[in-house]
There are 2 protein chains.
Amino acid sequence: MSGRDSGGAATATVFAALGDPTRWEILVRLGRAPASASALAAELPVTRQAVGKHLEVLRAVGLVESSRSGREVLHRPVGSRLDELGRDLQRVAESWDRRLAAVKEIAERGD
Amino acid sequence: MSGRDSGGAATATVFAALGDPTRWEILVRLGRAPASASALAAELPVTRQAVGKHLEVLRAVGLVESSRSGREVLHRPVGSRLDELGRDLQRVAESWDRRLAAVKEIAERGD
DNA sequence: TCGAAGTGCAACCTCAGAGTTGCACTCTGA
DNA sequence: TCAGAGTGCAACTCTGAGGTTGCACTTCGA
């Protein structure tokens with residue numbers, strides 16, 4: 001999203017990515033320090049494969065970026081992406097308030 | 001959420017609510033003008049019952065409020081709730097950036 | 001060079017939830 | 001008072017996401 005869109009299927013996809021508790025937990029831990037899938041799996045109640053799938057989802061929506069060093073792949077969260085999403089949400093909220101106020105005014109004038 | 005939390009199961013629940021395309025579409029339409037479940041179903045490719053379930057989910061996380069007038073129930077989005085969520089996201093993004101900068105500094109100093 | 005650590009891929013299982021149909025109830029207006 | 005509009009509740013189907021096990025591949029270090 002980001003732009004005139006402020007909605008649509010793409011938005012729902014990002015929210016769906018953030019909507020899983022395990023995924024959110026992964027993001028929180030990556031926020032403390034970048035880590036590999038194996039390291040994350042060691043401190044979470046799921047297998048490395050499950051963590052890998054979650055990381056793939058998060059990477060697909062741009063919330064996580066990864067870089068390989070040797071046999072290890074380090075993952076870290078992308079703050080700017082989340083910041084952007086937060087701003088979009090506030091914009092949508094603002095437009096809701098504006099429109100609903102207009103609807104209310106029309107209704108009152110109509111009486 | 002809203003507060004020192006900025007994460008956790010409650011957060012994931014709100015995102016999960018926003019993560020469904022149909023639900024997002026419902027929110028967008030309610031943002032244009034309050035409407036009943038039947039009215040929404042008439043312009044969406046799902047039945048009234050499906051719309052009703054989505055509205056229940058949205059109401060449960062505080063994104064929609066409803067008021068009955070006669071035999072009709074009007075639903076409208078709660079802008080403040082979304083605004084609050086947007087602010088929380090930006091706070092989390094900021095803390096990520098801070099922590100990752102610290103990690104980077106430590107790594108560079110360690111060399 | 002060989003074992004261990006880390007990763008990637010694929011098949012499989014399970015269950016929540018998105019959607020449906022069906023019926024009973026309430027309210028409005030003619 | 002009666003038909004239609006709007007809603008609520010319950011049972012049911014079915015797809016997809018989250019999770020697992022199993023195996024093959026690469027990379028590092030002793």
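Reminder, nothing fancy here: chain letters follow the sequence lines and each chain counts from 1. What you are looking at is a predicted structure, and each value in this text was computed from that prediction instead of being measured.
Between the side chain of B:Gln49 and the base of C:dG22 there is at least one donor-acceptor pair of N/O atoms closer than 3.5 Å. At a cut-off of 3.5 angstrom, the base of C:dG19 holds no donor-acceptor pair with the side chain of B:Arg48. Scanning atom types as modelled, no donor and acceptor separated by under 3.5 angstrom connect the side chain of B:Arg68 and the base of D:dT7. Taking only distance into account, the side chain of B:Lys53 never meets the base of C:dG17 through a donor-acceptor pair shorter than 3.5 Å.
Taking atom NE2 of A:His75 as the reference point, atom C1' of C:dG8 lies 12 Å away to the nearest angstrom. C:dA16 atom P lies 18 Å from atom CG of B:Asp20, rounded to whole Å. Protein atom CG of A:Leu58 is 13 Å distant from nucleotide atom C1' of D:dG18, rounded to whole Å. For the pair B:Leu40 CG and D:dG6 C1', the computed distance is 13 Å after rounding to whole Å. Counting to the nearest Å, the C1' atom of C:dA5 and the CD atom of A:Glu72 are 9 Å from each other. Rounded to an integer number of Å, the gap from CZ of A:Arg71 to C1' of D:dT26 is 10 Å. The distance between atom CD of B:Glu56 and atom C1' of C:dG19, rounded to the nearest whole Å, is 15 Å.
The two residues B:Pro77 and B:Leu27 have their closest heavy-atom pair at CB-CD2, 4.3 Å.
Across all strands shown, C:dA30 forms a Watson-Crick or G-U wobble pair with D:dT1, both key distances being under 3.5 Å.
Counting heavy atoms from C-beta outward, B:Val14 and A:Phe15 have side chains that stay 4.5 Å or more apart.
Applying the side-chain contact (heavy atoms from CB on, under 4.5 Å) test between A:Leu58 and each of A:Val78, A:Ile26, A:Leu30 identifies A:Ile26 as the sole match.
One distance of note links CZ of A:Arg68 with NE2 of A:His75; it measures 9.5 Å at 0.5 Å rounding. A distance of 7.5 Å separates CZ in B:Arg76 from CG in A:Leu100, rounded to the nearest 0.5 Å.
Note on B:Thr22: every side-chain N or O is 4.0 Å or more away from OP1 and OP2 of C:dA18. Of the side-chain N and O atoms in B:Arg23, one or more sit less than 4.0 angstrom from OP1 or OP2 of C:dA18. Between A:His54 and D:dG19, a side-chain N or O to OP1/OP2 separation shorter than 4.0 Å is present. Dashed line: the shortest gap from a side-chain N or O of B:Ser38 to OP1 or OP2 of D:dA5 is not under 4.0 Å. For A:Thr47 and D:dT21, the shortest distance from a side-chain N or O to OP1 or OP2 is not below 4.0 Å.
Residue whose closest nucleotide on DNA chain C sits further toward the 5' end, between B:Ala16 and A:Ala37: A:Ala37.
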